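Only a predicted model underlies this, so the values are computations on that prediction, with no experimental measurement involved.
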Amino acid sequence: LTGAAKLVVVVAIFLLTFYVISQVFEIKMDANLGHIFARSALDAAARSTKPPRYKCGISKACPEKHFAFKMSSGAANVVGPKICVEDNVLMSGVKNNVGRGINMALVNGKTGELLDTKFFDMWGGDVAPLIEFLKTIQDGTIVLMATYDDGATKLNEEARKLIAELGSTSITNLGFRDNWVFCGGKGIKTKSPFEQHIKNNKDTNKYEGWPEVVEMEGCIPQKQE
């Protein structure tokens, strides 16, 4: 009898322990599932409220048959310029294809594809290679330019005239260590609306000896047949 009673007690304790453990486990599972579902709901809400990202990080989407672009001049003589078209970074310090002077990217006006990138040292270099390069640009080519450090000292009248023919209005006034970004095209019939220029002025310069960085974004119309 005593042995049977002990067996009943052991079985009862085992069943009670199993019940308590199962209840605790279910509570934890419910809590974990509730946490997972709540987190999923929060993540979904965050995704729905997150603002959309447009090509090159511009502020709004471009219409059809337009190329998105964003560019910035260099920061003093420390950080190089950056040129992005259709979400492709064409020139930047990270790509190691920028340099002191005028940085230039050529893009196919029909397809948006990169044709070439160059930089021309307008402080210690020669203006002749810049002039020769400008003369080789084909009609229908999109031309993007950005200064770094100094982009004007070696510019002469011929170089400025060739750049003006691409649609620039500020090139005639571009001076020592001015910051300048420009987007135009070979064969353009009017002045380009895409140009920013800040003069080097010791009273307003953001950096010692250099003005603040200039940035510009927009939508370039695709060249039609």
Side-chain angles (χ1 to χ4, degrees), residues 69-85 89-107 109 114-139 141-188 191-218 220:
F69 81 94
K70 188 172 185 178
M71 57 194 304
S72 61
S73 68
N77 61 347
V78 179
V79 180
K82 183 176 181 180
I83 299 176
C84 175
V85 176
V89 177
L90 308 183
M91 302 186 75
S92 72
V94 174
K95 293 181 71 71
N96 197 30
N97 63 347
V98 297
R100 180 174 67 181
I102 293 179
N103 293 260
M104 192 182 319
L106 305 184
V107 173
L114 176 64
L115 299 175
D116 202 356
T117 61
K118 297 282 186 183
F119 62 86
F120 301 90
D121 187 349
M122 292 292 98
W123 169 252
D126 188 349
V127 73
L130 171 62
I131 291 173
E132 292 307 310
F133 185 73
L134 290 170
K135 288 179 178 179
T136 65
I137 300 175
Q138 301 296 311
D139 279 356
T141 301
I142 299 168
V143 184
L144 303 102
M145 299 185 184
T147 55
Y148 179 29
D149 189 355
D150 172 44
T153 297
K154 291 295 180 70
L155 283 179
N156 60 15
E157 184 177 351
E158 183 179 7
R160 292 178 190 269
K161 182 176 182 294
L162 289 169
I163 296 173
E165 290 173 354
L166 299 173
S168 172
T169 54
S170 297
I171 190 63
T172 55
N173 300 316
L174 189 67
F176 172 66
R177 288 186 177 177
D178 289 358
N179 272 343
W180 173 67
V181 290
F182 163 71
C183 176
K186 186 63 178 287
I188 190 171
K191 298 302 180 182
S192 171
F194 303 123
E195 189 169 27
Q196 297 289 335
H197 177 208
I198 297 182
K199 296 293 292 181
N200 170 25
N201 186 324
K202 64 179 181 179
D203 296 326
T204 58
N205 283 347
K206 182 174 182 179
Y207 308 104
E208 184 178 356
W210 287 270
E212 65 181 300
V213 172
V214 286
E215 295 183 321
M216 181 173 65
E217 65 176 50
I220 309 167

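A search for side chain to side chain donor-acceptor pair (under 3.5 Å) contacts involving Thr147 returns nothing, not counting sequence neighbours. A search for side chain to side chain donor-acceptor pair (under 3.5 Å) contacts involving Thr172 returns nothing, not counting sequence neighbours. Partners of Tyr148 according to the ring pair (Phe, Tyr, Trp, His ring centres under 6.0 Å) rule, which considers only residues two or more places apart in sequence or in another chain, do not exist here. Under the side chain to side chain donor-acceptor pair (under 3.5 Å) criterion, Glu215 pairs with no residue, sequence neighbours left out. The side chain to side chain contact (heavy atoms under 4.5 Å, CB included) search around Lys191 returns Thr169, not counting sequence neighbours. In this view, Phe119 satisfies the ring pair (Phe, Tyr, Trp, His ring centres under 6.0 Å) rule with no residue, not counting sequence neighbours.
The existence of a salt bridge linking Arg177 and Asp150 is excluded, since no basic side-chain nitrogen approaches an acidic carboxylate oxygen closer than 4.0 Å.
The distance from atom CG of Leu162 to atom CG of Leu134, rounded to the nearest 0.5 Å, is 5.5 Å. For the atom pair Phe120 CZ and Leu155 CG, the distance stands at 11.5 Å (nearest 0.5 Å).
Residue pairs that meet the side-chain hydrogen bond (donor to acceptor under 3.5 Å, both in side chains) test with at least one member in residues 90-103, sequence neighbours left out, are Arg100-Asp121. Under the salt bridge (Lys or Arg N to Asp or Glu O under 4.0 Å) criterion, no residue pair touches residues 71-80, with sequence neighbours excluded. Within the structure, the side-chain hydrogen bond (donor to acceptor under 3.5 Å, both in side chains) test picks out the following pairs touching residues 203-212 (sequence neighbours left out): Asp149-Trp210, Asn200-Asn205. Listed by first and then second residue, the side-chain hydrogen bond (donor to acceptor under 3.5 Å, both in side chains) pairs involving residues 126-136 are Lys135-Glu158 (not counting sequence neighbours). Applying the side-chain hydrogen bond (donor to acceptor under 3.5 Å, both in side chains) test to residues at least two apart or on different chains, none of the pairs has a partner in residues 72-85.
Note: Trp123 and Phe176 have tilted aromatic rings, judged against thresholds of 30 and 60 degrees for the angle between ring planes.
Each of Gln196, His197, Glu195 was checked for a side chain to side chain donor-acceptor pair (under 3.5 Å) with Trp180, and the lone residue meeting it is Glu195.
For NZ of Lys118, the number of neighbouring non-hydrogen atoms (other residues, nucleotides, ligands) closer than 6.0 Å is 12 at most.
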